[in-house]
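Comments concern the structure below.
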Amino acid sequence: DQQVKQNSPSLSVQEGRISILNCDYTNSMFDYFLWYKKYPAEGPTFLISISSIKDKNEDGRFTVFLNKSAKHLSLHIVPSQPGDSAVYFCAASQYGNKLVFGAGTILRVKS
Amino acid sequence: ETGVTQTPRHLVMGMTNKKSLKCEQHLGHNAMYWYKQSAKKPLELMFVYNFKEQTENNSVPSRFSPECPNSSHLFLHLHTLQPEDSALYLCASRTTSGAWGDTQYFGPGTRLTVL
């Protein structure tokens, strides 16, 4: 039973436009959510996070939105750049100890 | 060295071999993790160590044997693996001090191929 789902395996976006990556979760006890970015042959790199007491967190070009009632979070990247092309994983935790990951979304930013 | 390092980066082994994966974190963290990433699957948590003590074993077969001699080092000893164990093995660490929700930081992974 997958508690964290990324239903879009891939996304293609033109350079300069907005990229929106989505993630759904089923466990209402999750209280912390993260996005990681992964390049081939490298480990995941932390990108941005949000706690359940917030509904938005922004860091430069990256904004994460959390909709607790819908159990949905999204990552917005604007403007998208070719270097953003990677696999993006969302993850969720309860009390911080264990992360549950989604399967990932491949983002391709075309120049 | 900074962050989380893993060696070797690539490993090819036969089913009868014994090998070990090493992870070292230079972040002063006190929790360390082993994950397995198979193709097109989510990262699967294998083991969790807090202050050198194993706090979670996610039903991992005994042919994988973790060791955590101190808070900075984590090993994964491998023996009599199967071809389906071929995957990317990732180590991560985090601090357990402060509020919940601390971020895990990952190493680059070891790409393991079992022949």
Side-chain angles (χ1 to χ4, degrees), chain A residues 1-10 21 23-27 29-54 57 59 62 64 66 68 73 86-106, chain B residues 2-10 21 23-25 27 29-51 53-58 87-113:
Chain A
D1 176 31
Q2 256 189 287
Q3 297 186 70
V4 177
K5 293 181 182 178
Q6 294 176 255
N7 291 318
S8 298
S10 64
L21 297 107
C23 181
D24 296 297
Y25 61 95
T26 57
N27 187 344
M29 300 300 292
F30 287 143
D31 54 19
Y32 189 64
F33 304 88
L34 308 90
W35 284 95
Y36 284 86
K37 175 181 177 180
K38 185 179 183 301
Y39 292 118
E42 293 185 14
T45 303
F46 170 69
L47 199 55
I48 193 170
S49 62
I50 188 168
S51 75
S52 58
I53 61 174
K54 294 186 172 182
N57 189 26
D59 184 2
F62 303 91
V64 56
L66 176 62
K68 288 188 292 294
L73 69 154
V87 181
Y88 288 79
F89 293 95
C90 71
S93 75
Q94 181 183 352
Y95 309 131
N97 191 36
K98 272 172 55 170
L99 288 181
V100 179
F101 284 85
T105 297
I106 300 170
Chain B
T2 58
V4 181
T5 58
Q6 289 186 244
T7 54
R9 294 294 309 275
H10 301 272
L21 310 184
C23 174
E24 184 172 3
Q25 58 93 3
L27 301 168
H29 290 167
N30 43 39
M32 296 187 78
Y33 303 76
W34 278 118
Y35 287 87
K36 175 184 178 183
Q37 188 184 21
S38 304
K40 299 184 180 178
K41 285 187 177 180
L43 275 74
E44 301 171 51
L45 179 66
M46 299 176 73
F47 300 102
V48 181
Y49 278 83
N50 285 285
F51 295 95
E53 299 299 319
Q54 187 181 120
T55 54
E56 182 130 1
N57 176 339
N58 200 23
L88 181 68
Y89 288 85
L90 290 158
C91 172
S93 71
R94 75 173 188 112
T95 179
T96 59
S97 62
W100 41 256
D102 288 319
T103 302
Q104 292 183 23
Y105 294 88
F106 285 83
T110 295
R111 172 66 63 186
L112 174 67
T113 303

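For clarity, every value in this text was computed on a predicted model and none was experimentally measured. Within every chain, numbering begins at 1; the chains are lettered A, B, ... in the order of the sequence lines, protein sequences first and strands thereafter.
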- [ ] Carefully, step by step, assess A:Tyr32 and B:Thr103 under the rule side-chain contact (heavy atoms from CB on, under 4.5 Å).
- [x] CA-CA 9 Å; A:Tyr32 189 64; B:Thr103 302; 3.3 Å; yes
TODO: Might you point out which heavy atoms bring B:Pro42 and A:Phe101 nearest each other, and give the distance in Å?
DONE: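 Between these two residues, the closest heavy atoms are CB-O, 3.5 Å.
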- [ ] Determine the minimum heavy-atom distance between B:Leu43 and A:Pro44, stating which atoms define it.
- [x]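 Looking at all heavy atoms of both residues, the closest pair is CD2-CG, 4.2 Å.
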Open item on the list: What part of B:Gln37 gets within 4.5 angstrom of chain A, counting heavy atoms only: side chain, backbone, both, or neither?
Closed with: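 Only the side chain of B:Gln37 comes within 4.5 Å of chain A.
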TODO: Begin from the C-alpha positions of B:Tyr33 and A:Leu99 and carry the test side-chain contact (heavy atoms from CB on, under 4.5 Å) through to its verdict.
DONE: CA-CA 10 Å; B:Tyr33 303 76; A:Leu99 288 181; over 6 Å; no
Task: Gap between atom CZ of B:Phe106 and atom CD of A:Glu42 - 0.5 Å precision - done: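 So the gap between those two atoms works out to 14.0 Å.
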Open item on the list: Can you tell me which portion of A:Tyr36 sits under 4.5 Å from chain B's heavy atoms? Options are side chain, backbone, both or neither.
Closed with: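 Only the side chain of A:Tyr36 comes within 4.5 Å of chain B.
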Open item on the list: For A:Phe89, which atoms come within 4.5 Å of any heavy atom of chain B: side chain, backbone, both, or neither?
Closed with: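 For A:Phe89, the side chain is the part near chain B, not the backbone.
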